[in-house]
Amino acid sequence: MWFTPPAPSRPQRNRPATRPTGVSRLGTVSRQTTWCDKLSQIPRRGHRADGGDGCVRGRFVPRHGNVPAPPPRGSGRCPVPPSPLGKAKAADVRWSKALIPTLKEAPAGAVAPSHQLLLKAGMIRQLGSGAYTYLPLGWRVLNKIVAIVRKGMDDAGAQEMLMPALQPVELWKETGRYQTFGDLLMQLKVGGDQTMALGPTHEEVVTDLARDLIKSYRQLPMTLYQIQTKFRDEPRPRFGVLRTREFLMKDAYSFDANLDQLNQSYDAMYEAYQRIFDECGIPYVVVEAESGPIGGDSSHEFMVPASIGEDVILQCPASGYAANVERAAVGALKLPTQTERVARAAVAPPFEKVATPGKRTIQEVSDFLGVTPDQTAKLMVFLADGAPVGVLIRGDHEANEAKIRRTFAAETVTPADAATIQSATGAPMGFLGPVDLKIPLAVDQSVAAMEKVVVGGNAVDLHLTGVVPGRDFPLDRVADLRNAVAGDPCPLSGQPMIETRGIEVGHVFKLGTKYSKAMGATFLDETGTAQEIIMGCYGIGINRILAAAVEALHDAHGIVWPLAIAPYEVILIPLKVSNPDLMAVVETLERELTAAGIDVLTDDRDHQPGFKFKDADLIGIPLRVVIGERGLKEGKLELKWRHEKEADSIPVEGAGAAIAARIAQAKHARAQVLSERRAARAAARNA
Ligand code: ATP
Ligand code: MG
C-alpha cells in the first residue's frame with residue numbers, strides 16, 4: 001500500500017447500533033434508506049454536478065433520466081470502483097471509538113511546533129527515522145489536501161496517471177543522475193541480481209514513457225501528473241513530516257513542442273499552484289528559485305513562511321521581489337568610475353606584505369591585523385567545467401555557486417581540491433589572494449566597490465594590506481557572485497531587502513530538453529523533422545503542506561486548521577454524555593450536519609469539560625459546538641470558532657441549519673476572497 005494512498009475512511013459505523021431514526025431539519029433522512037438513496041435527495045459534495053450517474057464511496061447513485069443497467073440485486077455496490085483518493089462523504093465520528101491518541105506532552109526530540117503538535121494531537125506517529133504513520137486524523141487532512149491538489153491539476157488540464165515507485169537504475173544512468181543523486185537514491189536488489197531504485201522523483205520514468213508514446217507535434221502540449229510516494233535517503237530527516245525519507249508528492253510533467261507552449265504550460269501550473277495553496281488556506285509566498293545548470297530559464301518555489309523553514313528568502317517590501325537566497329540577486333552597487341579609480345590609485349600608498357603566521361581564517365586574520373571581516377576579501381578557487389578559476393568575495397560574504405557558474409558560462413562549478421588550489425595559486429587555502437593571479441579571476445561587486453582591502457599573499461603565512469582594486473588586481477570581470485543578505489539592495493527597486501525563512505511546499509521548473517536530450521525523447525514537427533520534446537516539472541509535497549499548515553497556523557493551545565483541510569469541520573462536545581436528552585440533541589445535529597455535507601466529530605468521551613475543550617483546541621477543529629445541560633434548559637447551544645476568542649450562543653431549535661449556515665458562510669466568504677485574488681492575478685497578467 002505504500003505506492004498510493006488507500007481509500008478514504010469508510011462510512012463511520014462506530015455509533016451505537018440503537019441510534020434512533022430522526023427527521024432532519026435539513027432533509028428527511030430515514031435510518032432505513034441506503035447511503036445512495038439519502039445522497040440522491042440531498043445535494044452534496046462527491047456527486048457529479050452534471051446530473052449524470054454518480055458513485056459515492058463505492059455505492060451506485062442513479063440520477064434522473066439516465067439510469068444505466070442496475071448493479072446486481074442486493075449487492076448495492078457501484079459497478080465502478082471508487083477512486084482510491086476520491087472525496088469522502090461527510091463523516092461523523094464518535095471520539096470514544098476513534099483512534100485519536102492525544103498526548104499531554106510531545107515526545108522528547110520533537111523540536112518544530114508542527115512536529116510537536118501533530119504528535120500531541122494524535123495525527124502522526126513515528127515508525128523509524130523519516131518514516132511516519134498517519135493516524136486517522138492526519139490521514140483525513142492528507143486526503144483533503146490530495147483532493148484539492150487533484151482538482152487543481154485536473155482543472156488546469158493535466159492528466160492523472162500512476163507510475164511505479166520501483167525504477168530500473170539503468171534509466172538513472174542514462175541521464176547521469178545515478179551519480180548526481182548519489183546516496184539520496186535508495187536502491188535494492190530484486191529478482192536475484194537486478195538493481196532497482198525507489199523513485200525519489202520521476203523525470204526519468206516519465207521521459208522513458210514520452211519517448212515511447214509521444215511521436216508527433218499533434219500530441220503536444222500535454223501535461224501528466226501523479227500522486228505518488230517518493231523515497232529519498234535524506235541524510236537528516238527532521239522536523240517530523242516536514243522532511244522524511246518517504247513522502248507523498250504530486251509530481252507533474254509538461255511536454256511541449258516549442259518554448260511558447262512551454263511558457264503556457266508553466267504559467268498554467270504556476271496559476272494552478274496559487275489556486276491550490278489558496279484553496280488549502282495556508283499563507284505562502286512565491287519566490288524565484290535557482291533553476292540549476294541546464295535548460296531552466298525559470299523556476300519558482302512556493303514557500304510557507306516559518307521561522308524553522310530551511311530555506312532563506314530575500315524579499316523587498318517596496319517592489320514585491322522575492323527570491324530564494326540561492327537565487328536572490330543583489331541590486332547593482334554604485335562603483336567608482338575609471339577616472340575616480342585612477343585618481344584614487346595614484347594617491348594610495350602601495351600595498352604592504354604582512355606576516356600572518358598560522359592565521360588562515362577571515363576571523364583569525366581580522367583579529368590579528370585589527371580590522372573587521374568586511375575590510376578583507378577571500379579568494380576561492382573553483383573548477384568551472386573542470387578548469388580552475390578564482391573568485392574574490394568580501395570576507396564576511398558567502399560565495400554563490402550558481403552565480404559563479406553563470407559568470408563563467410559554465411555548466412558545472414565545484415570547489416577545487418587542495419592540490420588544484422596549490423598548483424593554481426602557489427599557496428595553500430587560507431593565504432590565497434588576487435594579486436598576480438595566473439588563473440581567470442571574477443570579482444564580486446562588493447569588493448570592487450572597496451577603496452582598499454586585506455587579501456592573502458599567495459604564500460604561506462603571508463597577507464597583503466592596502467590592496468587597491470583595479471590597481472593591484474584586475475577588474476575585468478566584476479559581477480554579483482555572492483549570496484544576498486538582509487539589507488542588500490533589491491535588484492528591482494534598490495531598496496533594502498529583508499530576510500525571512502520558509503518551507504518549500506511546491507516547486508515549478510522549466511527543464512527544457514535536459515531529459516529528452518539525454519534519453520532521446522523526440523517528436524516529429526509539422527515539417528516531419530525530429531525535435532527534442534521540451535519539458536517542465538512541477539512538484540508539491542503533500543505531507544509538507546500538512547506540516548507547514550500547522551507550522552503557520554497554531555497557537556499556544558494547539559493547531560488551528562483552515563476549514564478546507566481540517567480533519568473535521570465541526571466538533572460537537574456534549575458536556576454530560578450520560579444525559580439522554582442531551583445526547584438526542586447531539587444525534588440530531590450529527591445527522592443534520594452530515595446530511596449538509598459537513599464533517600463532524602463528536603467528543604462523546606466521559607471526561608471533564610475542561611479536558612475535552614483542551615483536546616478540541618489541540619486537534620484544531622474549526623467550529624466547536626458545546627451542548628450542556630444548563631444551555632439546553634435555556635434552549636441554547638454554544639458555538640466557538642477555533643481562531644476566535646469569544647463564544648456565542650444559538651437556539652437549540654434549528655441549530656443544525658444554523659451551524660450548517662455558519663460553515664457555508666465561512667466557505668462562501670473564503671471563496672469570495674479567492675475569486676478576488678484570481679481576478680487580480682488575471683488583471684495583472686493582462687496588464
Ligand atoms: P528540499 O530542498 O526541501 O530538499 P527539493 O527541492 O529537493 O526539496 P523537489 O525535488 O523540488 O524537492 O520536490 C518537490 C516537493 O516535494 C518539494 O517542494 C517539497 O514540498 C517536497 N519534498 C521534497 N523532499 C521532501 C522530503 N524529504 N520530505 C517531505 N517532502 C519533501
Ligand atoms: Mg525543490
Side-chain angles (χ1 to χ4, degrees), residues 2 112 114-115 118 124 126 128-132 134 138 142 145-146 148-149 153 165 172 175 177 180-186 198-206 225-253 269-270 272-274 276-277 280 282 284-292 296 298-306 308-313 323-327 402 501-511 514-515 535-552:
W2 46 262
S114 61
H115 190 190
L118 287 168
I124 60 168
Q126 184 166 9
S129 178
Y132 282 82
Y134 292 84
L142 276 189
I145 296 169
V146 162
I148 292 171
V149 171
M153 286 294 111
W172 286 78
T175 60
R177 290 212 297 179
T180 48
F181 249 77
D183 292 341
L184 223 52
L185 193 68
M186 290 193 199
L198 287 176
T201 176
H202 278 70
E203 282 83 3
E204 279 76 3
V205 176
V206 85
Y225 81 97
Q226 64 172 348
I227 296 167
Q228 170 49 305
T229 301
K230 300 282 191 260
F231 297 87
R232 293 184 184 181
D233 194 357
E234 297 279 359
R236 283 185 74 203
R238 60 190 191 139
F239 297 150
V241 295
L242 273 175
R243 182 173 296 284
T244 49
R245 292 201 166 114
E246 176 185 338
F247 57 96
L248 256 190
M249 194 202 286
K250 185 288 300 171
D251 44 327
Y253 305 89
M269 285 295 116
Y270 188 113
Y273 274 39
Q274 287 177 304
I276 287 167
F277 295 122
C280 286
I282 54 173
Y284 68 94
V285 43
V286 192
V287 307
E288 283 183 19
E290 190 45 54
S291 46
S298 205
S299 171
H300 290 88
E301 288 163 343
F302 294 73
M303 299 276 189
V304 174
I308 58 121
E310 293 181 277
D311 288 275
V312 176
I313 303 167
N324 193 312
V325 68
E326 294 164 3
R327 175 75 183 183
R501 300 190 82 87
I503 299 166
E504 180 193 325
V505 286
H507 196 166
V508 291
F509 203 107
K510 289 181 189 171
L511 293 170
K514 174 178 175 176
Y515 294 93
M535 291 173 57
C537 70
Y538 316 90
I540 288 184
I542 305 285
N543 323 57
R544 279 253 179 108
I545 296 181
L546 169 131
V550 178
E551 208 58 54

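Note that ligands are numbered from 1 as they come in the structure, with each ligand's atoms numbered from 1 the same way.
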(Q) Going by side-chain hydrogen bond (donor to acceptor under 3.5 Å, both in side chains), Ser299 matches just one of Glu290, Lys510, His507. Which one? (A) His507
Q: Evaluate the side-chain proximity of Leu511 to Glu203: yes if any heavy-atom separation is below 4.5 Å, no if none is.
A: yes
Q.
Is the shortest side-chain heavy-atom distance between Pro305 and Ile503 below 4.5 Å?
A. no
Q: May I ask you to decide if the ring planes of Phe302 and Tyr284 are parallel, tilted or perpendicular, using 30° and 60° as cut-offs?
A: tilted
Q. So does Glu234 pair up with Arg245, basic N to acidic O under 4.0 Å?
A. no
Q: Report the protein N/O/S neighbours of the Mg ion (ligand 2) that fall below 2.8 Å; do not count waters.
A: Glu504 OE2, His507 ND1
**Q.** Salt bridge flag under 4.0 Å for residues Glu310 and Arg238
**A.** yes
**Q.** Counterpart residues, salt bridge (charged side-chain N to carboxylate O under 4.0 Å, His left out), relative to Glu504 (two or more places apart)
**A.** none
Q. What class does the angle between the rings of Tyr538 and Tyr273 fall in, given that below 30° is parallel, 30 to 60° is tilted and above 60° is perpendicular?
A. perpendicular
Please tabulate, line by line, the atom pairs linking an N/O of ligand 1 to a protein N/O at a distance below 3.5 Å, with the distance in Å to 0.1, or answer 'none'.
residue: ligand 1; atom: 3 (O); partner: Arg243; partner atom: NH2; Å: 2.8
residue: ligand 1; atom: 3 (O); partner: Arg544; partner atom: NH1; Å: 3.2
residue: ligand 1; atom: 3 (O); partner: Arg544; partner atom: NH2; Å: 2.8
residue: ligand 1; atom: 4 (O); partner: Arg243; partner atom: NH1; Å: 2.9
residue: ligand 1; atom: 4 (O); partner: Arg243; partner atom: NH2; Å: 3.2
residue: ligand 1; atom: 6 (O); partner: Glu504; partner atom: OE1; Å: 3.3
residue: ligand 1; atom: 6 (O); partner: Glu504; partner atom: OE2; Å: 3.3
residue: ligand 1; atom: 7 (O); partner: Arg232; partner atom: NH1; Å: 3.0
residue: ligand 1; atom: 10 (O); partner: Arg232; partner atom: NH1; Å: 3.3
residue: ligand 1; atom: 10 (O); partner: Arg232; partner atom: NH2; Å: 2.9
residue: ligand 1; atom: 11 (O); partner: Glu504; partner atom: OE2; Å: 3.3
residue: ligand 1; atom: 11 (O); partner: His507; partner atom: ND1; Å: 3.2
residue: ligand 1; atom: 12 (O); partner: Arg232; partner atom: NH1; Å: 3.3
residue: ligand 1; atom: 18 (O); partner: Glu504; partner atom: OE2; Å: 2.6
residue: ligand 1; atom: 20 (O); partner: Glu504; partner atom: O; Å: 3.0
residue: ligand 1; atom: 20 (O); partner: Val505; partner atom: O; Å: 3.2
residue: ligand 1; atom: 20 (O); partner: Gly541; partner atom: N; Å: 3.3
residue: ligand 1; atom: 27 (N); partner: Glu234; partner atom: OE2; Å: 2.8
residue: ligand 1; atom: 27 (N); partner: Thr244; partner atom: O; Å: 2.9
residue: ligand 1; atom: 28 (N); partner: Thr244; partner atom: N; Å: 3.1

Q: Tell me, please, which residues at least two apart from Tyr515 pass ring pair (Phe, Tyr, Trp, His ring centres under 6.0 Å).
A: none
